[in-house]
Amino acid sequence: MSALIEFQNVCFRYTEGRRDILKNLSLSVEAGDFVAVLGHNGSGKSTLAKHINAILLPTEGKVTVAGLDTSVEDNLPAIRRTAGMVFQNPDNQIIATMVEEDVAFALENLGVPHDEMVKRVDEALDSVGMLEFKKYATTKLSGGQKQRIAIAGVTAMRPDIIVFDEPTAMLDPQGREDVINIAKKLNEQGITVIYITHYMEEAAQAKRIVVLNDGEILLDGTPHYVFQNAGLLTSVGLDVPQSTSLMFLLRSHGIKVPLAVLNEEECVSVLSDILTRKNQT
Amino acid sequence: MNPILKTENLRYVYGAGTPFEKVAVDNINLEIFEDEFIGVIGRTGSGKSTLIQHFNGILRPTSGKVYYDGNDCWAKGFSRNSLRFNVGLVFQYPEYQLFEETVEKDIAFGPSNMGLSADEIEKRIRDSLRFVGLDESIRKSSPFEISGGQKRRVAIAGIMAMNPKVLILDEPTAGLDPRGRDEILQRISEYRAEKKSTVIIVSHNMEDISRVCGKVLVMRKAQVEMFAPVDEVFERSAELCSMGLNVPQITRVFISLKEKGFDVPSSVYTPAQACSAVIKAIGGDGT
Amino acid sequence: MIKDITIGQYFPGDSVIHRLDPRVKIVLTLLYIAFLFIIQTAATYVFALAVTVFFVILTKIPLKMYLRGLKPLLFILIFTAFLNVFYSTGEPLFQFWIFTVTLQGIKNAVFMILRIFMLVISTSMLTYTTSPIVLTGGLERLLSPLAKIRLPVHEFSMMMTIALRFIPTLLEETDKIMNAQKARGADFETGGLIKRAKALAPILIPLFISAFRRADDLATAMECRCYTGSGEGRTHYVTYSMSASDYAAIGIMIVIIAVAILLNFVTVMGF
């Protein structure tokens, strides 16, 4: 029994003779996981994402999604239904003029009967907190709201996997927070999430982080494990959350702190401990 | 000393007289001096972008005044074309405005509109490429065949090449990876240090602003909420947080610590500052 | 600003006419236009005018808006009126120089103006009261039988939908690029024709590149959402079901046309 998403020795290049964007990459993702993919611009993140629902096909190697080989043309409809995708630019993935019609687009394509469709559109809009905008013109929404509509358009298909390809790169902080929270919620409901981002604080919220560098996997593990490699991350143009770098600094000053500190809460509790201890002595 | 840019009761209304009427900025009174490095922050729709488009005469105030170097920008006889050369504005995602066949031609677009000599234009191209950290070898490349980060830099170079007295950048780091972000900010700082020009950066990212700017302008609901040196603004970080602004993670940590009753400073926004604050608080000598 | 242009000329509202099924509206408008071409007598014109005004009132959109649509046609109106007045045969009313004005001529001119006037109002009524998206949807459903003879009805409708969706986006983008180039000292307002045409390159090139990029992104996004390019096996989210007022509208229109034909016939005989 193979994993939900399986990359087996995948190489990818656009044309023969040009450089490999993915180099002999193997990766498997189990159902229910939340995998953040980090990497600098041009590291192959988006290319990896586009392999999951067969927009791109491996030059060498094999990708399977729910056991289906992406290179078999007959598998395409099933793969697209299983793995939905949300893209970076919210403006370029909205097809209809009206919110509800856009969410219904995939369902129309799948030939879902009308009554069922109405139900699923409402459900999907509700799951991203946009039900009240059902009758709005899509062009009148903010970037963050458009992105939520795009997510609803995908969840309406009831996919097992959603691939987010830098969904927050063009959003303001509020929109970013909304999108990552929705992704987490969908994951709790059982959807497997692949989340590509430049933001370390977003990646820190995943269950697993895969760091790509020049088409190869550099690090793969829990956020706590990955962010302990601060030096390695900065050497490939990435970063660690501020809390983590504070821990590194404190360590270098001889203060004993755990390195695996990723977010505000963990950092506050570690610092509270240090400060309380001091006051007691 | 006279301010290089000044606004007086500036107000701008979008779609006046239509059902979509919206006051974008209101009652703005600002003085910006030569050599200042200002960060503008605020939520989407707070009026940041509208405000900066008044500084180079792209937008005309609905009421109120904008002065450049003491002159009313909308008075008769004032040349707004020369205003645009004096106040260089880099829009959001500026790479989408590139259009020439080669990088050098694109950078030359502004300078040649200024009517500069070929020699001078050549010099401007070389200087601005150096400012944004691009190699001379890129000059003959098509601006559509270079990487995203390089495109962004070419677009910024195109404005720097006009040698503006004031350089304004709207979200210059949007969509870049951490290294790209650092690089761009670093380059802008160096440019400012060498040129001694006024620089204004609009950003959602307080971390970016705290790293390079001297003063912060906080916009809220079409109005100026704060305009003060970085440390003073971060002193009020709890307020910034409640305004829904995105303050750095480490700042939020220190707000929480303070709320828990610990005696820590509230103006902390980098891990280095946080580290020395912690060491000071526990009375350590940092060994 | 460029984005202030209202495309599609739709006036949102909730009148009886707004709520009619778009298919019914399209068919009735076509019928009405056909009817405008068969009427011949003064009495029928008066009747048609009354009917038109009645519908205008029902839409709750000010008459002013409809008249605005006539403005670009003013020249054609005057020109046809002129031709009709002077080049009609019949009893000469009076004469000067080489022109002969006949009663028939004046009558023809007035009729012609009224016909164009009503034509413009009835077509405007369709676009004013039906949002472009609903209009395309209605059109697709009406034309769907043609798909059986292999006409690309679905493709046409998808094209319209996407065009409508992207017009505001591209207008906004044009505005943005124009401002960005202005900030680099581009001058779009002065100079001769050639200079101005050349000045457009810094706007058009980025705009085209961006449009292609968007098209590419959109195509991928559509594929990801299981779009296969054919209308086969697709269902529709927006459905149209005829309500009582739609049947009433059809009934009223039949009565109106019947009355008009009768009136036309009677008065033609009478003259």
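A note on names: the letters A, B, ... follow the listed sequences, proteins ahead of strands, and every chain is numbered from 1.
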At a heavy-atom separation under 4.5 Å, does B:Met162 approach chain C through its side chain, its backbone, both, or neither?
-> side chain
Give, as side chain, backbone, both or neither, the part of B:Glu100 having an atom under 4.5 angstrom from any heavy atom of chain C.
-> neither
Considering non-hydrogen atoms only, spot the tightest contact between C:Ala186 and B:Phe109 and give its length.
-> CB-CZ, 3.8 Å
Quick one: are C:Ile205 and B:Phe144 in side-chain contact, heavy atoms under 4.5 Å?
-> yes
Within a radius of less than 6.0 Å around CZ of C:Phe54, do more than 12 heavy atoms belonging to other residues, nucleotides or ligands occur?
-> no
Give, for atom CG of C:Asp187 and atom CG of B:Asn81, the distance between the pair rounded to the nearest 0.5 Å.
-> 6.0 Å
Answer yes or no: does atom NZ of C:Lys176 have more than 12 heavy-atom neighbours from other residues, nucleotides or ligands under 6.0 Å?
-> no
Would you find more than 12 non-hydrogen atoms of other residues, nucleotides or ligands less than 6.0 Å from B:Glu120 atom CD?
-> yes
Which heavy atom of C:Lys182 sits nearest a heavy atom of B:Arg84, and at what distance?
-> O-CD, 3.2 Å
Atom of C:Ala183, atom of B:Phe91 and distance for their closest heavy-atom approach | CB-CE1, 4.0 Å
C:Asn179 pairs by side chain to side chain contact (heavy atoms under 4.5 Å, CB included) with which of B:Asn56, B:Ile58, B:Leu59?
-> B:Ile58
Rounded to the nearest 0.5 Å, the CD1 atom of C:Ile209 sits from the CZ atom of B:Phe99 at a distance of 10.5 Å
Has the side chain of B:Gln97 got a donor or acceptor atom that lies under 3.5 Å from a matching backbone atom of C:Gln181?
-> no
Salt bridge B:Asp106-C:Arg184, side-chain N to carboxylate O under 4.0 Å | yes
Return yes when atom NZ of B:Lys195 has more than 12 non-hydrogen atoms of other residues, nucleotides or ligands closer than 6.0 Å, and no otherwise.
-> yes
Please tell me if the side chains of C:Ser210 and B:Tyr96 come closer than 4.5 Å, counting only heavy atoms from C-beta onward.
-> no
Evaluate whether atom CZ of C:Phe156 has more than 12 neighbouring non-hydrogen atoms of other residues, nucleotides or ligands under 6.0 angstrom away.
-> no
